[in-house]
Amino acid sequence: MSPYAAGRRSVHRSVAAGVPLALLAALTVAGTAVGVPSGEARVTGSATLGDIPLGTFSNALLPGTVGDDRGVDLGGIGSDIYPAGRKGEFWTVTDRGPNGQIKVAGEKRRTFPVPGFDPAIVRIRVSGGTVKVLDAIPITTSSGKPVTGLSNQKGRDEAPYSYDASTPLSYNPNGLDTEGIVRAEDGSFWLVDEYGPSLIHVSARGKILTRYVPKGLGLTGADYRVVEALPPVLLHRKINRGFEGLAQLPGGDLVMAVQSPLSLPDTDAGEESLTTRLLRFSTKKRAVTAEYAYRFDPVSVVDPSEDDTSELKISSVVAVGRDRLLVEERTDKAARLQVVKLTRGADILGEKWDDDTTSPSLEQLDDPAASGVPVLRKRLVVDLGTVKGVPGKIEGVARVDHDTLALINDNDFGMTDGPEAFDAQGRLVDSGIETTVTYVRLPRRI
């Protein structure tokens with residue numbers, strides 16, 4: 001996929017940022033699975049997003065933010081997907097933007113090839129084999145400035161570098177690595193972020209109202225309201241593995257999923273652990289009201305081709321009842337969806353497992369249940385790794401109806417790691433992986 005392929009459609013900016021944009025994009029693929037035995041999950045259709053130059057997209061929302069997109073197209077909108085109310089329409093959200101890793105003198109450096117990129121909420125329509133962008137809302141600070149996707153804090157987040165890892169970039173306390181998204185009844189949005197980790201309340205126009213972070217984070221200099229309202233144990237989140245999944249329960253409460261086990265008491269413990277955490281947040285009280293221990297299946301069960309436990313992640317959680325959640329356990333190549341019930345008896349908020357001096361920590365327990373931890377009971381709904389036609393790195397799941405799901409993958413803006421990600425002219429060598437929305441029909445109701 002050439003970044004300058006002929007036939008690209010232009011992007012027309014409306015009168016104000018955040019209102020409908022004619023960002024038309026079309027590509028191939030669609031179809032119904034054939035030869036699938038009854039009683040098995042199957043793909044019933046898929047659609048892809050075409051080439052929209054990232055600079056054109058970004059500058060239509062916030063003029064002048066991107067000077068050189070280095071040939072990168074709009075991507076990364078697969079961080080999450082949420083029904084928009086009309087058939088085939090969904091809200092999605094980008095992550096922090098194009099980023100990669102390059103080793104320099106044996107040390108991995110985090111690169112931001114388009115540092116001016118601003119994360120955005122994107123409304124899409126799936127029609128046939130095409131994903132069309134209907135709306136795009138830039139996420140901005142209280143004064144209307146772009147938040148960017150740059151790292152927040154020196155010493156806590158990865159140092160940001162230029163596309164070739166040669167030039168250090170400035171940290172930005174406003175920066176967000178946005179992931180999960182839901183829309184409230186009043187039209188505002190709730191997002192989660194991996195840096196803090198944090199929960200962010202955003203107006204219908206994309207302006208940050210409040211960012212809720214762990215107690216003790218000490219984030220200063222942000223151009224919006226920051227409230228330390230989350231348990232301090234979350235300060236031990238693994239780098240780039242903060243909150244990724246977000247669900248909205250029927251009563252309005254939110255459930256946030258920590259993507260990976262906390263690094264508690266240290267990195268090795270987190271890398272080897274099978275226990276992560278879900279947190280319940282009351283939008284009325286503006287406080288965490290419950291916490292749950294969630295236990296991954298062994299990595300070889302989730303992904304038979306993988307033997308590294310640290311590759312396990314939760315990328316999506318979806319409300320499927322008053323206190324029931326669909327939880328996605330995944331690696332980059334496979335995923336399984338489980339149903340759990342959030343019971344009062346499973347709440348561990350404020351117990352010794354939130355004290356980072358507890359030894360062994362929750363993450364270190366080989367059998368948490370045997371140590372008295374009420375681990376959430378789960379039931380397998382579908383193993384997506386066995387469903388033909390489901391792409392890799394599914395990060396967003398939405399419930400379409402009682403037996404149909406919409407899945408979206410994160411294509412990483414076509415980025416790969418290493419110095420070969422860009423050519424000698426500094427233009428992206430695209431991975432060829434497209435953003436795809438895939439419909440999967442389940443053999444029975446959720």
Side-chain angles (χ1 to χ4, degrees), residues 1-5 8 49 51-79 94-120 138-139 145-179 193-195 238-242 311 332 392-393 395 409-435:
M1 179 178 71
S2 166
Y4 295 105
R8 283 190 171 187
L49 176 70
D51 298 352
I52 301 173
L54 191 58
T56 306
F57 172 83
S58 297
N59 291 326
L61 300 178
L62 296 170
T65 51
V66 172
D68 183 358
D69 65 12
R70 299 198 174 278
V72 179
D73 287 319
L74 175 64
I77 66 171
S79 288
T94 71
D95 57 20
R96 58 185 167 180
N99 68 93
Q101 285 187 319
I102 296 177
K103 267 191 176 182
V104 177
E107 178 186 21
K108 288 182 178 179
R109 291 182 175 180
R110 178 62 59 183
T111 63
F112 289 81
V114 190
F117 173 76
D118 188 55
I139 302 172
K145 296 177 181 178
V147 297
T148 79
L150 292 169
S151 307
N152 293 168
Q153 295 174 299
K154 185 176 182 180
R156 175 167 172 79
D157 301 315
E158 294 171 299
Y161 282 86
S162 59
Y163 82 98
D164 57 0
S166 65
T167 306
L169 303 175
S170 298
Y171 288 84
N172 185 352
N174 293 317
L176 296 174
D177 187 1
T178 42
E179 296 292 344
D193 149 80
E194 295 207 62
Y195 284 143
K238 181 180 177 180
I239 289 178
N240 293 334
R241 300 282 183 91
E311 289 299 313
D332 281 354
K393 207 175 183 186
E395 289 200 4
N409 68 315
D410 179 9
N411 81 327
D412 292 320
F413 291 82
M415 284 277 302
T416 55
D417 287 334
E420 298 79 16
F422 294 87
D423 64 21
Q425 285 71 48
R427 314 307 292 173
L428 178 71
V429 178
D430 198 282
S431 68
I433 298 173
E434 306 287 0
T435 297

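In this chain, residues are counted from 1 in sequence order. Bear in mind that the values here come from a model prediction, so they are computed numbers and not experimental data.
- Residues satisfying the side-chain hydrogen bond (donor to acceptor under 3.5 Å, both in side chains) test with Asp332, not counting sequence neighbours, are Lys313, Arg330.
- Within the 4.5 Å cutoff, the side chain of Thr178 has no heavy atoms near those of the Ser79 side chain.
- Using modelled atom types, one side-chain atom of Asn59 and one backbone atom of Gly64 make a donor-acceptor pair closer than 3.5 Å.
- Panel note: side chain Asn99, backbone Phe112; no donor-acceptor pair is recorded below 3.5 Å.
- Here the closest non-hydrogen pair linking Val114 and Pro98 is CG2-CG, 4.1 Å.
- Between Ile77 and Leu49 there is a side-chain heavy-atom pair separated by less than 4.5 Å.
- In this structure, CZ on Arg70 lies 5.0 Å from OH on Tyr163, to the nearest 0.5 angstrom.
- Side chain of Thr94 to main chain of Gly76: no donor-acceptor pair is present (N/O by atom type, distance under 3.5 Å, no hydrogens or angles).
- In summary, Arg96 and Asp193 do not engage in a salt bridge, as defined by a charged side-chain N under 4.0 Å from a carboxylate O.
- Looking only at side-chain heavy atoms (C-beta outward), Asp412 and Lys393 come within less than 4.5 Å of each other.
- In this structure, the separation between NZ on Lys145 and CG on Leu62 is 12.5 Å, given to the nearest 0.5 Å.
- Distance CZ/Phe57 to OG1/Thr65: 10.0 Å, rounded to 0.5 Å.
- Residues Thr148 and Asn172 bring a donor and an acceptor atom of their side chains to less than 3.5 Å of each other.
- Side-chain atoms of Asp410 never come within 3.5 Å of backbone atoms of Gly78 as a donor-acceptor pair (strictly under, hydrogens ignored).
- A side chain to side chain contact (heavy atoms under 4.5 Å, CB included) with Pro160 holds for exactly one of Ser170, Ser151, Pro115, Pro168; it is Ser151.
- The backbone N or O of Arg156 sits nowhere less than 3.5 Å from a side-chain atom of Tyr195 that would complete a donor-acceptor pair.
- Asp417 CG to Ser431 OG: the interatomic distance, rounded to the nearest 0.5 Å, is 11.0 Å.
- The shortest non-hydrogen separation linking Ala421 to Thr416 is CB-O, 3.3 Å.
- Between atom CD of residue Glu194 and atom CD of residue Glu179 there is a gap of 4.0 Å, rounded to the nearest 0.5 Å.
- Atom-to-atom distance recorded for Leu54:CG and Ile52:CD1 is 10.0 Å, nearest 0.5 angstrom.
- Residues Val72 and Phe413 come closest through the heavy atom pair CG1-O, 3.7 Å.
- Side-chain contact of Asn240 with Glu158: a donor-acceptor pair under 3.5 Å is present, judged by distance alone.
- Looking only at side-chain heavy atoms (C-beta outward), Tyr161 and Ser166 stay at 4.5 Å or farther from each other.
- For Asp118, there are no side-chain hydrogen bond (donor to acceptor under 3.5 Å, both in side chains) partners at least two apart in sequence or on another chain.
- What you find for Asn409 and Gly392 is that their closest heavy atoms are CB-O, 3.5 Å.
- Across all their heavy atoms, Val66 and Ser58 have their closest contact at CG2-CB, 3.6 Å.
- Using a 4.0 Å cut-off between charged nitrogen and carboxylate oxygen, Arg427 and Asp69 count as a salt-bridge pair.
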Evaluate the criterion side-chain contact (heavy atoms from CB on, under 4.5 Å) for residue pair Lys108 and Arg110; output intermediate values, then yes/no. CA-CA 7 Å; Lys108 288 182 178 179; Arg110 178 62 59 183; over 6 Å; no
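- The shortest non-hydrogen separation linking Leu428 to Met415 is CD1-SD, 3.8 Å.
- Listed by chain and number, the residues in a side-chain hydrogen bond (donor to acceptor under 3.5 Å, both in side chains) with Ser162 are Asp164 (sequence neighbours excluded).
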